[in-house]
Amino acid sequence: MSLSQITMTDPVCGMQVSPSSNAITSQYDGRTYYFCHAGCREKFDADPEGILARRNNRQAGEGAGDVAGGSCCGGDHGKADWDPADVADDAIFTCPMHPEIEQVGFGACPICGMDLEPKFLNADDTGEDPQLVDMKRRFWIGLFLSLPLLVIAMGPMIGLRLTDLLSSSTMGWIQLALASPVVFYCGWPLLVRGVSSFRTMNLNMFSLIVVGSLAAYFFSVVVVLMPGVIPEAFFDNGSPPLYFEAAAVIITLVLMGQVLELRARQQTGGAIRELMKLSPDTAHRIESDPANDELSSKVETDVEIPLKEVAKGDILRVRPGEKIPVDGRVLRGESSVDESMLTGEPIPVGKQADDEVTGGTINQSGSLVIEAVGVGDDTVLSRIVQMVFEAQRSRAPIQRLADTVAQYFVPTVITCAILAFVGWAVWGPEPRLAHAFVVAVAVLIIACPCALGLATPMSVMVGVGRGAKEGVLVKNAEVLERLEKVDTIVIDKTGTLTEGRPVVTHVETIGEWTEPDILAIAAAVEQSSEHPLGEAIVRRAKQDGISFNESSKLDNVSGFQSVTGEGVTAKVDDHKVHIGKAGFFDSQNIHVGKRENELAQQHQSKGRTTIFMAVDGKLAAMFAISDPIKSTTQSALKTLHQMGLEVVMLTGDAEKTAKAVAARLGIDHYYAGVSPDEKRRHVADLMKQGRVVAMAGDGINDAPALAAADVGIAMGTGAGVAIESAGVTLVGGDLRGIVAAEKLSRKTMRNIRQNLFFAFLYNSLGIPIAAGLLYPFFGILLSPMIAAAAMSLSSVSVISNSLRLRHLKLH
């Protein structure tokens, strides 16, 4: 059954099923519904309205969303691995190696057979994965029972012949008693997956395991129960051989590989769990009780409440040393806040009224009163966690190579095993059938493609988790792969190269206007603007003690309009005010004199931005605004150049300002006077030249260019981070984040290629050796146990190589 043939969705478990003539169906309200399992139909028939209501809620976005395919949750398999009380009824489960497989409820992946796991972790889920606990229990029981089998089978090699104490028949029964629990209890999840793979014809690693281990086990059962039916060609030293130890050890070693893999997957979520634990359990809500309405005096009381009860708009007190519970805005108080968990910067950040704070950061020196702005899933921390989870489940394009190989791999291996059996049975040495059987089982086991399947997902999961700890949030694995190919970095100046908090350094008045009057009028207009330069004027007016909000002559500001990337206009007490670049004034037919132009060029040559102001169509002032270069910019640009990347700066500043900044920083190319839409065009032009372009900006004004680039990199600072606006979000907000993202991409992709190379090399060498390639030259024939050990070690090698990324140095 291929996924492309599935067209109907089971309303109970979410699995997509084929509406064939023998499909399981039920009629309700004049419509036919299709089910993957009789158990699902029974649940539907018992409460059709409730089932359909829950399904409609999911499709409307209130739940987890419609599923993209999956495996039946109505069967018995897997119920022991997850306690339904621990997982919500509508929890979405997904395959770690095939993230397109999603379903409501637990099950097994119909492609690779791996147990599905919850798509999202619960913040309270700090214990060990129940699936890992179950697999460990099965492994230790299997190991305990397999060791005696190894002693019995391998004893004669070291002179220990237990058959001198007990008869061969008795020893056979003992081995049967020891091996049966290993195969049918310890290995039950593996057998279920293998059988399911043949039923659905999605052949995978478990297909080979079940064929190889059951062949060895049932052959040995026949030897014990009916030795007379075994052909003499199987006989070794006058009696048919037993392979109980091979079946048991194969199962045990595969279980060991599963335990190591599950443990590694759990470790990849360690960084995310650490982030999830950063939020405190409680918050202190300020509740005001009116003490005297006439005097408007109130008594404030701090009430400790659970974090989940905090609502948007609540007023909270954060004491020194406490974690900030939610994203908020400071209303009162001053303090320094440790934001290292987001930015990686060890130096605390000063906070005062109107500043934003992020949930999970640590308040240090003073007490703060904040208004809750983002709570629950709307906090920066929650969005980071969700983004990283989605990225870890995503598939890199390079995975398609492994998928294509795996599609034909298992049938090819089964064919090779059959050919090897025939070849040894016809041309091999005596006992021919015994040799042929051992070779066939060894080929099946050693060729298990688990290393191939793990090669890409493990690296992606570890790499994305490592990036999250360093403030590099990657949207998905495809972005991670594209980022490696980037050869040109396009960056916005304001907030990327610079601090993003410009200051007014000079106010040049024209005519009879005074500086206080100019600042008052300009601040009154710009208080409606969100542009950094407008905010700089407002801050300068506040610093100079100029009251532009309460002044009687400025109480009528209206008609505010903003021309993106050019300037703003407004009416102030019936006076028309224009503020913007020289080009904006030209379009408004407002004359800028020669002296003012020359003065502007002098400021621009020193890297300052100049904007003009006119009142009633006449030039009134010029502002020179400086945005300091970040202290980390110079070294980060040097590193980017050393990595072979070309840096292009796009800015709305004038030519001379842009030239001065580019020369100071050693930037390869720059484009000045660029509007947001023109930034997008410049990015598109670079891509037409064959460049692979990453665009870095603030994620808001630069949105068109971010969307147009091969990789959009949103620069963020604390709570202002635009997490969902680009392929990569840098929480720290400076160029070192771009360096870290590039290193992460390159190292992760190199790790993936190492894993794939090893997996392909392993199978290329392992299958011929298991088939007996070395026997004619060295007399070496690989036993199924050695093949199982080699198969497990190949997976361990891939996992270990992937886990090296946890210690990757990005800064």
Side-chain angles (χ1 to χ4, degrees), residues 486-502 531-533 564-566 581 583 601 603-611 625-689 691-717 726 728 730 732-739 741-742:
V486 166
D487 54 30
T488 304
I489 302 286
V490 178
I491 51 181
D492 177 51
K493 181 177 78 71
T494 304
T496 304
L497 298 174
T498 64
E499 295 288 353
R501 193 176 175 86
H531 195 283
L533 300 184
T564 303
E566 296 293 332
K581 295 190 287 187
Q601 290 177 10
H603 284 295
Q604 291 166 4
S605 65
K606 297 177 182 179
R608 299 173 190 143
T609 300
T610 56
I611 57 175
I625 302 175
S626 176
D627 191 1
I629 302 294
K630 290 180 180 179
S631 60
T632 57
T633 296
Q634 192 84 51
S635 60
L637 285 171
K638 181 179 179 182
T639 305
L640 289 172
H641 283 131
Q642 290 172 347
M643 296 173 72
L645 296 169
E646 189 170 290
V647 180
V648 177
M649 181 182 74
L650 300 181
T651 177
D653 279 340
E655 171 73 20
K656 285 199 172 183
T657 303
K659 183 178 181 180
V661 172
R664 177 181 170 186
L665 297 177
I667 292 174
D668 300 297
H669 303 285
Y670 69 90
Y671 296 93
V674 179
S675 68
D677 187 61
E678 288 174 335
K679 289 181 182 180
R680 181 194 61 77
R681 180 172 54 79
H682 280 294
V683 168
D685 289 343
L686 288 169
M687 294 169 64
K688 288 177 182 178
Q689 297 171 20
R691 305 283 186 89
V692 182
V693 179
M695 168 67 192
D698 62 14
I700 301 172
N701 294 332
D702 301 307
L706 287 170
D710 292 295
V711 179
I713 303 176
M715 313 289 290
T717 51
V728 178
L730 306 177
D734 64 40
L735 286 188
R736 289 180 303 172
I738 299 179
V739 173
E742 278 291 337

*Just how far is it from atom CD1 of I667 to atom NE2 of H641, taken to the nearest 0.5 Å?*
8.0 Å

*CG/L735 to OG1/T633 distance, rounded to the nearest 0.5 angstrom?*
5.0 Å

*asked:* Donor-acceptor pair, distance only, cut-off 3.5 Å: does the side chain of D668 make one with the backbone of V647?
replied: yes

_Audit row: V486, E742, side chain to side chain contact (heavy atoms under 4.5 Å, CB included) steps and yes/no_ = CA-CA 9 Å; V486 166; E742 278 291 337; 3.6 Å; yes

*Given side chain to side chain contact (heavy atoms under 4.5 Å, CB included), test Q634 with I629 step by step and report yes or no.*
CA-CA 9 Å; Q634 192 84 51; I629 302 294; over 6 Å; no

_K679 NZ to T651 OG1 distance, which is reported to the nearest 0.5 Å_ = 6.5 Å

*Do you know which two heavy atoms are closest between E678 and G673, and how far apart they sit?*
OE1-O, 3.4 Å

*How close do D627 and P502 get, heavy atom to heavy atom, and via which atoms?*
OD1-N, 3.8 Å

*asked:* Donor-acceptor check, side chain of T498 to backbone of K493, threshold 3.5 angstrom: yes or no?
replied: yes

*Carefully, step by step, assess V490 and H682 under the rule side chain to side chain contact (heavy atoms under 4.5 Å, CB included).*
CA-CA 9 Å; V490 178; H682 280 294; over 6 Å; no

*Can you name the closest pair of heavy atoms from S626 and R608 and give their distance?*
CB-CG, 4.3 Å

*T657: partners by side-chain hydrogen bond (donor to acceptor under 3.5 Å, both in side chains), with sequence neighbours left out*: none

*Which atom names give the shortest non-hydrogen contact between G607 and A660, and what distance separates them?*
N-CB, 3.8 Å

_Could you measure the distance from the CD1 atom of I491 to the CG atom of L640? Nearest 0.5 Å is fine._
8.0 Å

_Nearest atoms (heavy-atom pairs only) where A709 meets V683_ = CA-CG1, 3.7 Å

*Is the side chain of D710 donor-acceptor paired with the backbone N or O of A694 at a distance under 3.5 Å, no angle test?*
no

*For the atom pair CG (D492) and CG (L497), what is the distance rounded to the nearest 0.5 Å?*
8.0 Å

*Quick one: closest heavy-atom pair of A741 and L730, and the distance?*
CB-CD2, 4.3 Å

*Who passes side-chain hydrogen bond (donor to acceptor under 3.5 Å, both in side chains) against E655, sequence neighbours left out?*
Y670

*Roughly how far, to the nearest 0.5 Å, is the CG atom of D487 from the CG atom of L645?*
7.5 Å

